[in-house]
Novice: 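Sharing a structure below in structure tokens format, with a few things to ask.
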There are 2 protein chains.
Amino acid sequence: MQDTKERIITLAEELIKTKGFNAFSYKDISDPLEIKNAAIHYYFPTKTDLGVAVLEQYLKSFTFHTAKWAELPEDKQLKQLFDTFSRASKDKFICLMGSLSPDYDTLQPAMQEQVSNMASAIVQWVASCLERGRSKGLFRFEGEAYDRALLVQSNLLASLLLSRVMGNKVFGKMSSRLMKDLLVDNTKK
Amino acid sequence: MQDTKERIITLAEELIKTKGFNAFSYKDISDPLEIKNAAIHYYFPTKTDLGVAVLEQYLKSFTFHTAKWAELPEDKQLKQLFDTFSRASKDKFICLMGSLSPDYDTLQPAMQEQVSNMASAIVQWVASCLERGRSKGLFRFEGEAYDRALLVQSNLLASLLLSRVMGNKVFGKMSSRLMKDLLVDNTKK
DNA sequence: TTTTTTACTTACTTACAAGTAAGTAACTTT
DNA sequence: AAAGTTACTTACTTGTAAGTAAGTAAAAAA
């Protein structure tokens, strides 16, 4: 049963996105899965091993999904990314970057590296999406695509954080304003 | 000696901005201040009491500083805010919002309320700064000032998070792009 | 000058976290 | 059929966290 291992990873990811990496404990996993904490250690000797596994799975899934979107026009691709954040917002989740980056200094090197990899992968993807979209006339923005990608990634990440604190309406306000800023207006009469 | 109490609050604030609220312990305070952990409990019966005190002090300080800037033109006022984040970035600090909002669901109601108050205060201040600045022709942006303030606050907050993970150059890239976006270009020949 | 208050320390308690060593039942391979 | 191997459990250790009860020395108030 590789099933248990996967369920541990999936639940750990949810816990990171709700409580944070340092705030969840093995009991938060062993109780709902009806296993003992030692079973988690069997698959993941240390909490860092578990964290790394969560990040590896996320990166695989990110790569898989963005590849699936590759045929879409760039504005639709970016919309897909926004939609994943919109779903997270509804589930009261924050994203892995929003959860793990504040704890970065408390993480062990192996996890820090994975967090950095994740950050780079997301920003790189957004940057090339924006760049191609701009050259096709779908997006409008000033400056380098990479710098713009940093700001977009920031806004998505923080929209989930602020929504938690200030209420869920904030997500809609932020994401719609952000998208309007980027899109070349094609609704002109 | 009210001095000890203030030193506890100041150190607690730093710890929140480096390790996070749940990740720091009373030992992180009692050791450097050369007191016993019971001395902290003397002033702050629970960790929540300490957290609330940190946030109250921050809010007072924020109100004080923004009041001091009130006579400046709005672009300079916003610049002051950016500068506080720039200093934080150099000290490898994140801001209180960036640290506490991911942990929001693990905080007790008394602290949640203070975090919400802080969020509102900052966004409100940025919003009215942007609004007045735009009407004076200092800023240019689309949409409501409040929505724009959410995005600006997001970008500042997340610039510190991303800088931690991706290196310190990121802060400069983000803040300069953000400021250029907002400023009406007055460097035209 | 006695009493009270302030600002702590000493010495605990309770709880829970991550992690481990040794065992076991069931399945797989030889 | 015997010998691993897999997927766990049982039962524990060690460390550390927040928090507390009782005491104390010095300063302030009566």
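Reminder, nothing fancy here: chain letters follow the sequence lines and each chain counts from 1.
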Novice: Apply side chain to side chain contact (heavy atoms under 4.5 Å, CB included) to P73(A) and list each qualifying residue two or more places apart in sequence or on a separate chain.
Specialist: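 Applying side chain to side chain contact (heavy atoms under 4.5 Å, CB included) to P73(A) gives D75(A), K76(A), L138(A).
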Novice: With sequence neighbours left out, what residues match E13(A) under side-chain hydrogen bond (donor to acceptor under 3.5 Å, both in side chains)?
Specialist: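 Expected list: K17(A).
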Novice: Checking K47(A) now: which residues fulfil salt bridge (charged side-chain N to carboxylate O under 4.0 Å, His left out) with it, not counting sequence neighbours?
Specialist: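 With sequence neighbours excluded, K47(A) shows a salt bridge (charged side-chain N to carboxylate O under 4.0 Å, His left out) to no residue whatsoever.
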Novice: Going by salt bridge (charged side-chain N to carboxylate O under 4.0 Å, His left out), name the residues that satisfy it together with K36(A), two or more places apart in sequence or in a different chain.
Specialist: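 Checked K36(A) against salt bridge (charged side-chain N to carboxylate O under 4.0 Å, His left out); zero matches.
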Novice: Starting at atom CZ of F21(A), determine the distance to atom C1' of dA18(C), rounded to an integer number of angstrom.
Specialist: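 Rounded to whole Å, this separation is 11 Å.
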Novice: From dT6(C), dT9(D), dA17(D), pick the nucleotide closest to the side chain of S25(B)?
Specialist: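 So the nucleotide nearest the side chain must be dA17(D).
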Novice: Polar atoms only, N or O, under 3.5 Å: list the protein pairs with nucleotides 19-26 of chain D and their distances.
Specialist:
residue	atom	partner	partner atom	Å
dG19(D)	OP2	K47(B)	N	2.8
dG19(D)	N7	H41(B)	NE2	3.3
dG19(D)	O6	N37(B)	ND2	3.2

Novice: Consider only side-chain N and O atoms of T106(B) and N22(B), and report whether a donor and an acceptor are under 3.5 Å apart.
Specialist: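 Note: T106(B) and N22(B) side chains meet the donor-acceptor criterion.
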Novice: For Y42(A) and dA11(D), what is the distance between atoms OH and C1' respectively, to the nearest whole Å?
Specialist: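 Taking atom C1' of dA11(D) as the reference, OH of Y42(A) is at 19 Å.
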Novice: Quickly work out the D3(A) CG to dC8(D) C1' distance and round it to whole Å.
Specialist: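 In whole Å, dC8(D) C1' lies 14 Å from D3(A) CG.
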Novice: How would you list, by chain and number, every residue that makes a side chain to side chain contact (heavy atoms under 4.5 Å, CB included) with T66(B), sequence neighbours excluded?
Specialist: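 For T66(B), the residues satisfying side chain to side chain contact (heavy atoms under 4.5 Å, CB included) (neighbours in sequence not counted) are F62(B), W69(B), W125(B).
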Novice: Is D147(B) salt-bridged to R177(A), cutoff N-O under 4.0 Å?
Specialist: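 R177(A) and D147(B): not salt-bridged.
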Novice: At under 4.0 Å, does any side-chain N or O of K27(B) touch on OP1 or OP2 of dA17(D)?
Specialist: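 Answer no for this pair, as no side-chain N or O of K27(B) is under 4.0 Å from OP1 or OP2.
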Novice: Please give, in whole Å, the distance from dT6(C) P to K36(B) NZ?
Specialist: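 Taking NZ of K36(B) and P of dT6(C), I get 24 Å after rounding.
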Novice: Does a side-chain N or O from Y43(B) land closer than 4.0 Å to OP1 or OP2 of dC8(C), or not?
Specialist: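 So the side-chain polar atoms of Y43(B) do come within 4.0 Å of the phosphate oxygens OP1 or OP2 of dC8(C), strictly under.
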Novice: Just how large is the angle between the end axes of the helix from dT1(C)-dA30(D) to dT30(C)-dA1(D), five pairs per end, to 10 degrees?
Specialist: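 Helix axis angle between the two ends: 0°.
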Novice: Rounded to the nearest Å, what distance is computed from the CD1 atom of residue I29(A) to the P atom of nucleotide dA17(C)?
Specialist: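 In whole Å, dA17(C) P lies 12 Å from I29(A) CD1.
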Novice: Measure CZ/F24(A) against C1'/dC16(C) and give the value in whole Å, please.
Specialist: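 Between C1' of dC16(C) and CZ of F24(A): 15 Å.
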Novice: From CZ of R7(B) over to P of dA7(C), roughly how many Å is that when rounded to an integer?
Specialist: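 To the nearest whole Å, that distance equals 14 Å.
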Novice: In whole Å, I'd like the distance from the CD1 atom of I40(A) to the P atom of dA18(C).
Specialist: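 Taking CD1 of I40(A) and P of dA18(C), I get 9 Å after rounding.
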Novice: Using the side-chain hydrogen bond (donor to acceptor under 3.5 Å, both in side chains) criterion, which residues pair with D91(A)? Sequence neighbours excluded.
Specialist: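 For D91(A) there are no side-chain hydrogen bond (donor to acceptor under 3.5 Å, both in side chains) partners, ignoring immediate neighbours.
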Novice: Kindly write out the residues that satisfy salt bridge (charged side-chain N to carboxylate O under 4.0 Å, His left out) with K68(B), not counting sequence neighbours, or none if the list is empty.
Specialist: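 K68(B) satisfies salt bridge (charged side-chain N to carboxylate O under 4.0 Å, His left out) with no other residue.
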